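Input: a single structure, listed below in C-alpha cells.
These numbers were taken from a predicted model, which means no experiment stands behind them. Each chain gets a letter, A, B and so on, in the order the sequences are listed, and its residues count up from 1.
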Amino acid sequence: MDFYLQQLAIGLSVGMTYALIAIGFTLIFGVLNVVNFAHGEVYTIGAFAGLLVVTTFAPPLLAVLLAVLAVGAFVGVGLERLAFRPFRRFSDEASLKSRAMRESTLMSSLALSIIAREALEIAFGSRFQSVPVAAMINQPIALGPVTITNGDLIILGVAALMLIGLQYVLRHTQVGLSIRAVSNNPLGAKYVGVDVDRTIVWTFAVGSMLGAVAGVLVGFYYGAIFANMGFTPGVKAFVAMVMGGLSSIPGAVVCALLLGVCESLSTAFVSSVWSDMVAYGFLIVTLIFFPRGIFGGARERV
Amino acid sequence: MSDRFRARLIAIGFLALVFVAAPAALTAFGKSYYWQVADLALIFALLAGSMHLVTGVAGLLQLGHAAFYGVGAYAAALLATKAGLSLAFTLPLAGLSAATIAVLVALPTMRLVSIYFAVATLAIGQMLYLIMLNWVEVTKGPNGIMLFSGMKFAGLDLSRPLPTYLVVAATVCVSLFVLHRLSHSYYGNALRALREDDQCADAMGVDTVRLKIEAFGVSGFFAGVAGALWAHTAGFISPPDFSFQTSILILAMVVVGGLGSLPGAVLGAFILILLPEALRPFGDFRNIAVGVVLFASILFVPKGLIGEVSALDFARRQLAGAWRRDGAGAEIGWR
C-alpha cells in the first residue's frame, strides 16, 4: 500500500511536468492548428539554461526559474520567427487550413529541433551534464509511511502556480483575450481588429515559458541534463494533448496527470523500462476509440 | 529517336553507372570504408523509395518508418543466426515479416488522417523500438546481434566488398523498379487521388482503405528488405540504428528530393548519406547537416530538388515505361 502511495506522489509530480509541456502544445495548436515538433527542444533548452545559470551564479531557485522563464519566452519567439512565420505568407482561410502549410511547418519545426539538439550535443557533449548537488531538489521528506522529496512538492507547487497564472492571463488580460479569440476563429479575430501575428508570437512565448520551466524542474529533480532529454517528455505531453481533445487546456492537464500516475503505477507490475509503453498504448487506444479526445468537443474528421 | 529506344538507353546508362562505374571507382580508391558508405547509400535509397510510396504518393505522413526497417533487420539477423538461413531466404522473409507488421499496424490506424495518422505511426514506431531495446531474450537488447556467418548465396561466399556491393545494388535496383512501376501507373494515380482528397476518391469508386493498407504493406515490405540488406552488410545491428532519428532521416531524404517523386527520393538519400561523409574532415556535423539541409530545402525549394511534376514527366515520357502510343503515334495514355 505504501508503495502505491509513493508511486502516486511521484506520478503526480511527473504528470504535472507533462501538463506544463502539454499546455504549450495545446496553446500553439489552438492558434495555428499546427503541431510544434520543436517543443521538446524548448524543454531541453530550458534545462540547459537553468544549468548554466546555476553553475555561473548559484542563485536561489526562484531566480533560476525567472531566468528560465525569460529564456523560454525568447526561444519561443525565435522559434516562431524561424520555423513558422516564413510559411505563413498568406492569411486567407484556405491557406491557414491548408495541408501544405501544416506539413511545411511540421517539417520546419522538426528540422529546427534536430539542429537545436545536435548543436547542444556539439556544445556540451552527449554525456549527462550533472547538476551541482546544492541546486538539486531531491531532499527526502518523510510524510507518515510515504517518503517524498522536496522536488515533488516544488514541482507540484510551481506547476500549480503557473497553471493559475496562465488561467489569469487567458481570462483577464488583453493578450489572453486575443489568444482565445484567435484560437476560436483566426479570420474572425482578424476582422475585428486583433493583430493575429502578434498574438501568435505571444502564444509561442507563453507556451515556451511553461515548457522551459518544466525542463529545468525535471533536470534539477533527476540531476541529469542531456541534449536528448526533451524527446520522450515531448511525445508524452503530445499524447496528453491528443487525449485531452487537442484544444482543451483542462483536458490536457487532467490527461497529463492521468498519464503520469499510470506510468508510475505501472512499475508495480512490469519492469520500469516498459513504462514508456503506457503512453504509446494510451495514444493508440485514444486515437482508435476516442478520436476526439476524452474531453474534446465536436471536431472535423481526425 | 523512338521512345522505347531512349528509355532503354537511359536504363542501360543508369545500370552501367551503378554496376560498372561505381564499383570501378570504389576499387580504384580501394578503401573498404568507401564500400560501406556506398552500400549504406543504396540501402537508404531503397528506404527513401519505400517511404516515398506511402508519404509522397499516398500522402500518409509516416514517422515510424525506421521501425519496419528494424523489424526486417532483426528478422534477417535472427533467421541467419538461429536458423542458419542464407541470404536467399532471409531477404524475402524479412520483407514479409515487416510487411505483416505494417499491415497489422495499418488495419486499425487507416481511419485516421493527416497529423493523427503521423502521430499514430510515431507511437507505433516507438513501441517497436522499445520492444527491440527491451525484449532482451530475443533481440539481446542494447547489445545488438552479431552475424558472424557473412553473406552467402548458393554456396558462394559474398562477404568481400565487391560481391556484397553487387548483391545490395541488384536488390535495390529490382526493388526500386517495382516501386517505380507502382508509383508511375494507374495504381500510383489512384494513390495520388486519395492523397489529394480521399473522400472524393472514395466517391469516385477508389477503394481508399484497401489502397492505403496495400501501400503501407508494400512500403513495409521494402523497408524490411532494406533492413535485411543492412543486417547482412554491416554484420551487426543494434536498436539505435532504428530509432526515431532514423525515421526523420528517411523523411528528410524524401522531403529534400521532393514529395511524390521517386528519383527525388533516391537523390535525397544519396545527398543526405554522402554529404555528411564529405563533411567528416571538418568535424562531427553529420546529424546537424541533416537538420540544416531539411530546413533549407523546405524554405528555399519547397517542392524538392526533383519536384513531383518533373519526376512524373520524366517517368512517363523519358522512361516511357508507363506511356504508350498507338500505331499512328497518337498518345493513348499510360498503363
Side-chain angles (χ1 to χ4, degrees), chain A residues 29 33-35 37-38 82-83 86-87 99-122 126 227-228 231-232 235-236 238-239 241-242 246 270-277 279-289 291-292 300-302, chain B residues 55 59 61 63 105 107-109 111-120 122-131 133-136 141-142 195-199 243-245 248-249 251-252 254-256 259 283-300 302-303:
Chain A
F29 191 88
N33 215 2
V34 296
V35 178
F37 259 89
L82 283 172
F87 303 99
R99 211 173 75 198
M101 187 276 229
R102 237 186 259 183
E103 285 186 356
S104 56
T105 51
L106 190 133
M107 309 266 187
S108 65
S109 58
L110 254 177
L112 275 191
S113 83
I114 298 174
I115 295 172
R117 190 172 54 230
E118 298 300 329
L120 281 174
E121 205 165 303
I122 289 170
S126 56
N228 212 1
F231 177 68
T232 320
V235 172
K236 286 175 189 164
F238 189 87
V239 174
M241 162 181 134
V242 174
L246 281 171
V270 290
S271 152
S272 65
V273 291
W274 292 106
S275 72
D276 286 350
M277 274 294 197
Y280 302 129
F282 268 21
L283 180 67
I284 299 295
V285 169
T286 312
L287 282 175
I288 292 171
F289 296 106
R292 286 184 182 142
E300 289 169 52
R301 226 155 64 98
V302 294
Chain B
T55 302
L61 187 55
L63 294 178
V105 163
L107 285 174
T109 53
R111 290 189 312 144
L112 306 167
V113 295
S114 71
I115 183 66
Y116 302 92
F117 180 79
V119 173
L122 191 161
I124 287 162
Q126 286 302 110
M127 284 169 125
L128 290 172
Y129 172 69
L130 277 180
I131 291 174
L133 193 63
N134 293 327
W135 195 16
V136 181
R195 173 188 69 190
E196 293 304 321
D197 189 335
D198 60 343
Q199 284 168 324
S243 65
F244 182 63
Q245 271 80 359
I248 296 307
L249 177 63
L251 179 66
V254 176
V255 171
V256 167
L259 274 172
D284 191 16
F285 295 114
R286 41 186 305 120
N287 291 325
I288 207 163
V290 172
V292 173
V293 169
L294 180 60
F295 188 68
S297 86
I298 300 160
L299 201 57
F300 302 117
K303 288 189 166 58

Grab the two heavy atoms, one from [X] and one from [Y], that are nearest each other, plus how far apart they are.
X      : Y      : value
B:L61  : A:L106 : CD2-CD2, 3.6 Å
A:A111 : B:G291 : CB-O, 3.6 Å
A:L82  : B:F295 : O-CZ, 3.3 Å
A:A119 : B:I288 : N-CD1, 3.8 Å

Among B:L259, B:L294, B:L133, B:L130, which has the most heavy-atom pairs under 4.5 Å with chain A? B:L130
So what's closer than 4.5 Å to chain B heavy atoms on [X]: side chain, backbone, both or neither?
X      : answer
A:F282 : neither
A:I288 : both
A:I284 : side chain

Select one option (side chain, backbone, both, neither) describing which atoms of [X] are under 4.5 Å from chain A's heavy atoms.
X      : result
B:V119 : both
B:V292 : both
B:I248 : side chain
B:L251 : side chain
B:L63  : side chain
B:L299 : both
B:P108 : both
B:F244 : side chain

Heavy-atom distance under 4.5 Å between the side chains of [X] and [Y], does that happen here?
X      : Y      : answer
B:I131 : A:W274 : yes
A:F238 : B:L122 : no
B:Q245 : A:N228 : yes

As an exercise, state the distance from OH of A:Y280 to CD of B:Q126, rounded to the nearest 0.5 Å. 4.0 Å
